[in-house]
Asker: 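One structure is given below, represented as structure tokens, and several questions about it will come after.
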There are 2 protein chains.
Amino acid sequence: MYRTHTCGELRIADIDKSVTLSGWVQRVRNLGGMTFIDLRDRYGITQLVFNSETEDKLSEAVRNLGREYVVQVTGKVAERSSKNSKIPTGDIEVIADGLKVLNASDLPPFTIEDETDGGEELRMKYRYLDLRRNPSRKALELRHKMALEIRNYMDKEGFMEVETPVLMKSTPEGARDFVVPSRMNPGQFYALPQSPQVFKQLLMVAGYDRYFQIVKCFRDEDLRADRQPEFTQIDCEMSFVDQEDVLNTFEGMTKHLFKSLRGVEIEGDFPRMPYSEAMKYYGSDKPDIRFDMRFVDLTSTASGKGFKVFDDAQYIGAICAQGCASYSRKDLDQLTDFVKRPQVGAQGLVYVKYNEDGSFKTSVDKFFAADDFKAWADFCGAKPGDLILILAGKEEKTLSALCELRLEMGSRLGLRNKNKFAPLWVVDFPLLEWDDETERYYAMHHPFTSPKVEDVELLDTNPAEVRANAYDLVINGVEIGGGSIRIHNDELQQKMFKILGFSEEEAENQFGFLMNAFKYGAPPHGGVAFGFDRWVSLFAGLDSIREVIAFPKNNAGRDVMNDAPSAISDAQLNELMIELKGEAAKKVKEE
Amino acid sequence: MYRTHTCGELRIADIDKSVTLSGWVQRVRNLGGMTFIDLRDRYGITQLVFNSETEDKLSEAVRNLGREYVVQVTGKVAERSSKNSKIPTGDIEVIADGLKVLNASDLPPFTIEDETDGGEELRMKYRYLDLRRNPSRKALELRHKMALEIRNYMDKEGFMEVETPVLMKSTPEGARDFVVPSRMNPGQFYALPQSPQVFKQLLMVAGYDRYFQIVKCFRDEDLRADRQPEFTQIDCEMSFVDQEDVLNTFEGMTKHLFKSLRGVEIEGDFPRMPYSEAMKYYGSDKPDIRFDMRFVDLTSTASGKGFKVFDDAQYIGAICAQGCASYSRKDLDQLTDFVKRPQVGAQGLVYVKYNEDGSFKTSVDKFFAADDFKAWADFCGAKPGDLILILAGKEEKTLSALCELRLEMGSRLGLRNKNKFAPLWVVDFPLLEWDDETERYYAMHHPFTSPKVEDVELLDTNPAEVRANAYDLVINGVEIGGGSIRIHNDELQQKMFKILGFSEEEAENQFGFLMNAFKYGAPPHGGVAFGFDRWVSLFAGLDSIREVIAFPKNNAGRDVMNDAPSAISDAQLNELMIELKGEAAKKVKEE
């Protein structure tokens, strides 16, 4: 038996017990002829005490210990003279009388401490050591607890977890699929699911009524900072529901998770904001409503007064930063630099300081009079002491830049507290987006999303205006999930494919089985999918989803720990009847 | 709102309530001016009653209904005059006053009944209809419940569920990998996991102590009846444990699952049987011990008496079928045909009837005397009235054929009751298997399995004799899971790779990161993985794992419902820098 107790278990009530512990050497200190060792495992840290003055084998073994050695220790529990109230085992120590080294350790490439000296690259290469650190372990413990909490809650609400295939049919719609060549079906490929969308709809056709799954999904996209080629989704679907039913159900789940995992009680209903309003007032379909600072449209008020930037602008928008009239030249220069960054993309920044004495100090004094500024201030609800910030230009671009500026001001003003949570449903998304390049409509959500009943007629006359029964859950400006009521009628689904530019043959080839299923009694249904990684990182207060994934990949899609992906043998390629070509062939040859 | 109640919810207490139900039309009967409809959903069946004599729209709508139509009905709950005690809603019916067809249905290709007229091929093509049948739904409900039960139990026992990568490194060891070409890393491939083995060991190195995961795994093997290219595993690993700790932990889990899901209390410890004993007495490493009928070795007793078949045999083995001395000529011919089948592979069958009067009637009367038969009977513990069945030939083949015969006799004698469960740990597996063809050793379990301490020396002198710390859980002759204590020392691991014929470079290339991890304080650890699909099918009393998988593939690895795998576009192939060759290229061209 390797241990009688874990390293987090012993208390004052255990005094005088003979115990055996196993764990990792966290720290070794020598003091007054004694050696103190902090022994660590997943459950905690226990202090071991060795008499280091004797010249026996035990003392010699202790002297040879290094950080991260794995040892088994026997001894007797004693009360500590100087207690450590910071750890649950801080009242006791173990007076050791035996030591066995179970495994030695080389010096780790970075310290196994909460604040480590290892950079991300190094931590990921030695991820198994990084995972020993408390912050990493706590993030994965939270992930485990959250998944379990979701499953128990969903079960209680009558949802059945059903596993859907990972090896599925490839479809050219949506993001790029990862594909898997089939050896048994030469020349053919499976695809890894971008989501189990079609299968969950088929489960509704099968009458399963309430389905969920915590499931891995895959997208072969060029990776941005917070994307991973494989990610985890909380995938849900319900039958005989309209949008209200779905929102209420998952508002319940969200509140439950906040309460059980974060101890946060969210009062009242989540606000519901139409997409058009979100874009108008926040310049984003995922507004952070922990703070207000809505956009004010000054286009008609501020243009035509001879200031060319405004006069040429398609849109002039302002936000009011309360109490910021005291901003210095330097502050304002910083903000101007901020909005000019390529990621933000504004041409410049106009400011209006509404001074405490009621006067105005602005960057456009020569073009406007105090009356103008007063009018703007009134529009913005600004009071003396406030600062009005204005961007102007092409509408879409300016809204987006103003969104970034608003978030920046929110951060500067301390309005984006990580421990405050402001959930929001964004609703009434457009059904379709026009793409100028390919000259066709794309589904904003996916091709299975139903149009609003009252907008169905517009499908023939003005598709761009059709609103969808689609919704997103946004928390603190992060899109946590989204979904829709689906089309459950094969004719409407066929029409949708037509609008999306599918030929009848293409639609039949790719989704014929779904439209066929709709012929055998498909119930009205809808659902939602949440980004599990993102949600965990929100709860953990971490900025990157990589920190809540046990073995993440880097931005090139590589696992730097085990160096995947890698070349495979010619024999494997032959069996699959594929060969490398172009650069790929050349590259592998060179190696 | 589509419904106030589900179709399984209404009871006598609900009489006179106005309700709205939604569901599928299961059955329509006309009787005495009334139309009775069984309305079905996942939760049950409720009887609806329509007055069909009136000439109004409602009656017309009812007349147009067909099987599997999806309808919404309003009405009032009433007590039934003739109650149906077989269903929970059998005391009531709904007197309908409104009907809305939510979706029509074509005539289903097979009946949606417990006993359907659809063959497996058809059921799989229309799997979404097959899943509407009670047996299918119940199997998936059991699967859901079992997964949840496992997760809660494991959590309570301190196990953390950690998700490991699906896109991982390809390794040539073990079964054939499914591979995924990486677009971002041309010429390189990910592999889908055959098991998260290496990751769970790294989690132990990371100090996670107790890990589990219910996880999809993949093997690109030619499919036998009960294999699927993707399957689900309950994957577990623990630190600071020896074999006893692991067996006890998972014996606890197994008992818990039997109790909570099947209501079966398994008394006492599971028997533990060395591999050598299992092979000797049952001819199999997964003996069905619901019944005894152990093999008796007659080799030395029965050979050398002039019966050539026995004299030439490497092994002569017998089983005793109690009370079967009365078997007819026909019965015995059937058994002879059975053992001669290619899957069983015996040359013939020798029988010895131990008649009630103490005499013997055998198929080898001319070669042996009554004394011989009496001696055999004594060896076999046979009594008057019993039948001894004997096979002879090459040892391995004969043991395997005798195993099949034993199972056949167990079935004939009703000793293999599906509701009786006999779990068993098979232990002390050999570490290595010699392969004559490739002239090298293969790991019987996998290359990370540790040899027994007392056998380590044999690694250098007689590797074939080394026993592993490896174990299988067998229930009713089905291998439900298996595992081992792992090697946690990089030197022993390197030695193991060497014995398995890896060059140092190959070992470094493929598993260098694991051996490197072992240098930083790897704890002793071990674990187990259970076949979740198989376990569910055992509990469900079903013979095929296909029946407990929502969307299974056929023996050619195809999803016949959505026709996956399928060809992908040239554009996709170009992006991945691969091209089809040989037959694959030709085949796709032709299409």
Side-chain angles (χ1 to χ4, degrees), chain A residues 2-3 22 24 42 68 70 103 105-106 128 131-132 144 148 155 160-162 165-170 178 180 182 184-190 202 205-207 209 216 220 230 240 513 517 519-523 550-551 556-557 562 564-566 568 577-584 587-588, chain B residues 2-3 22 24 42 68 70 103 105-106 128 131-132 144 148 155 160-162 165-170 178 180 182-190 202 205-207 209 216 230 240 513 517 519-523 550-551 556-557 562 564-566 568 577-584 587-588:
Chain A
Y2 282 102
R3 62 188 173 195
S22 288
W24 285 260
R42 174 182 140 200
E68 303 304 316
V70 184
N103 223 337
S105 174
D106 286 0
Y128 44 87
L131 289 173
R132 285 185 189 168
H144 159 67
L148 193 66
D155 175 67
M160 252 173 88
E161 184 159 21
V162 180
V166 175
L167 297 172
M168 57 171 271
K169 191 181 170 83
S170 179
F178 280 106
V180 182
S182 167
M184 294 178 80
N185 301 277
Q188 301 194 327
F189 294 74
Y190 302 101
L202 289 173
V205 175
D209 208 78
K216 276 275 176 76
D220 185 12
E230 56 179 294
F240 301 116
F513 65 98
K519 292 191 177 122
Y520 292 98
F551 299 101
N562 61 18
S566 55
I568 61 174
M577 298 197 191
I578 57 177
E579 59 188 3
L580 306 179
K581 64 178 182 184
E583 207 188 308
K587 205 167 164 188
V588 167
Chain B
Y2 282 101
R3 61 187 174 196
S22 288
W24 284 261
R42 174 182 139 199
E68 301 304 317
V70 184
N103 223 337
S105 174
D106 286 359
Y128 45 86
L131 289 174
R132 286 186 188 167
H144 159 68
L148 193 66
D155 175 67
M160 253 173 88
E161 184 160 20
V162 180
V166 175
L167 297 172
M168 58 172 270
K169 192 182 171 82
S170 178
F178 280 106
V180 182
S182 167
R183 182 183 53 85
M184 294 178 81
N185 302 276
Q188 301 193 329
F189 293 74
Y190 302 101
L202 290 174
V205 176
D209 208 80
K216 276 276 175 74
E230 55 179 295
F240 301 115
F513 65 99
K519 291 188 178 126
Y520 294 99
F551 299 101
N562 62 17
S566 55
I568 60 174
M577 296 196 193
I578 57 176
E579 60 188 1
L580 306 178
K581 64 179 184 184
E583 207 187 308
K587 205 167 164 188
V588 168

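Lettering of chains follows the sequences in order, A, B, ..., and the numbering in each one begins at 1.
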Asker: Looking only at heavy atoms, which two atoms of B/Pro565 and A/Asn185 are closest? And how far apart?
Answerer: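 Closest approach of B/Pro565 to A/Asn185: CG-ND2, 3.7 Å.
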Asker: Heavy atoms only, distances under 4.5 angstrom: which of A/Val180, A/Ile578, A/Val70 has the most pairs with chain B? Name it, please.
Answerer: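 Greatest number of close heavy-atom pairs with chain B: A/Ile578.
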Asker: Kindly write out the residues that satisfy ring pair (Phe, Tyr, Trp, His ring centres under 6.0 Å) with A/Tyr520, not counting sequence neighbours, or none if the list is empty.
Answerer: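 So A/Tyr520 forms a ring pair (Phe, Tyr, Trp, His ring centres under 6.0 Å) with B/Tyr126.
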Asker: I'd like to verify something: which residue of B/Lys216, B/Met168, B/Glu68 has the highest number of heavy-atom pairs under 4.5 Å with chain A?
Answerer: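 If we count pairs closer than 4.5 Å to chain A, B/Lys216 comes out on top.
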Asker: Among the options A/Arg42, A/Lys519, A/Met184, pick out the one with the most heavy-atom pairs lying under 4.5 Å from chain B.
Answerer: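 Winner by heavy-atom pair count: A/Arg42.
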Asker: Please check: side-chain N/O of A/Glu230 versus main-chain N/O of B/Leu167, any donor-acceptor pairing under 3.5 Å?
Answerer: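 Side chain of A/Glu230 to backbone of B/Leu167, a donor-acceptor pair under 3.5 Å: yes, one is there.
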Asker: Starting at CG of A/Leu580, measure out to CD of B/Gln188 and round the result to the nearest 0.5 Å.
Answerer: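 That separation rounds to 10.0 Å.
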Asker: Rounded to the nearest 0.5 Å, what separation is found between the CG atom of A/Asp220 and the OG atom of B/Ser182?
Answerer: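 Going from CG on A/Asp220 over to OG on B/Ser182, the span is 7.0 Å.
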Asker: Donor-acceptor check, side chain of A/Arg132 to backbone of B/Val205, threshold 3.5 angstrom: yes or no?
Answerer: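 Yes; judged by distance alone, with no hydrogens or angles, the pair exists.
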Asker: For chain A, find which of B/Glu161, B/Met160, B/Arg3 contributes the most heavy-atom pairs closer than 4.5 angstrom.
Answerer: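 Option with the greatest count: B/Met160.
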Asker: Tell me the closest heavy-atom pair linking A/Ala206 and B/Leu131, and the distance in Å.
Answerer: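 Smallest heavy-atom distance, with atoms named: CB-CB, 3.7 Å.
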Asker: Check side-chain contact (heavy atoms from CB on, under 4.5 Å) between B/Ser170 and all other residues, then give those that pass, not counting sequence neighbours.
Answerer: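 Partners of B/Ser170 by the side-chain contact (heavy atoms from CB on, under 4.5 Å) criterion, ordered by chain and then number, come out as A/Ile568, A/Gln572, B/Asp177, B/Val179, B/Ala191.
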Asker: Looking only at heavy atoms, which two atoms of A/Tyr190 and B/Ala564 are closest? And how far apart?
Answerer: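 Shortest heavy-atom contact: CE2-C, 4.5 Å.
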Asker: Is the backbone N or O of A/Lys581 less than 3.5 Å from a side-chain atom of B/Glu579, with the two atoms forming a donor-acceptor pair by type?
Answerer: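 Here the side-chain-to-backbone pair does not exist.
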Asker: Let's test your reading of the structure: which of A/Asp209, A/Leu202, A/Asp155 forms the most heavy-atom pairs below 4.5 Å with chain B?
Answerer: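 Most heavy-atom pairs under 4.5 Å with chain B: A/Asp209.
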Asker: Minimum heavy-atom separation for A/Val162 to B/Ala550, with atom names?
Answerer: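 For A/Val162 and B/Ala550, the tightest heavy-atom pair comes out as CG1-CB, 3.5 Å.
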Asker: I'd like to know which of B/Phe513, B/Trp24, B/Tyr128 tops the heavy-atom pair count under 4.5 Å against chain A.
Answerer: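 Most pairs with chain A among the choices: B/Tyr128.
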Asker: Between A/Ser105 and B/Gly521, which heavy-atom pair has the shortest distance, and what is it?
Answerer: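 Heavy atoms of A/Ser105 and B/Gly521 come nearest at CB-N, 3.7 Å.
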Asker: Could you state the interatomic distance from CG (A/Asn562) to NZ (B/Lys169), rounded to the nearest 0.5 Å?
Answerer: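 Output value for this atom pair is 6.0 Å.
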Asker: Between A/Gly557, A/Ser566, A/Ala517, which shows the greatest number of heavy-atom pairs under 4.5 Å with chain B?
Answerer: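 Result: the option with the highest number of such pairs is A/Ser566.
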Asker: Heavy-atom cut-off 4.5 Å, strictly under: side chain, backbone, both or neither for B/Leu148 against chain A?
Answerer: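 Side chain only.
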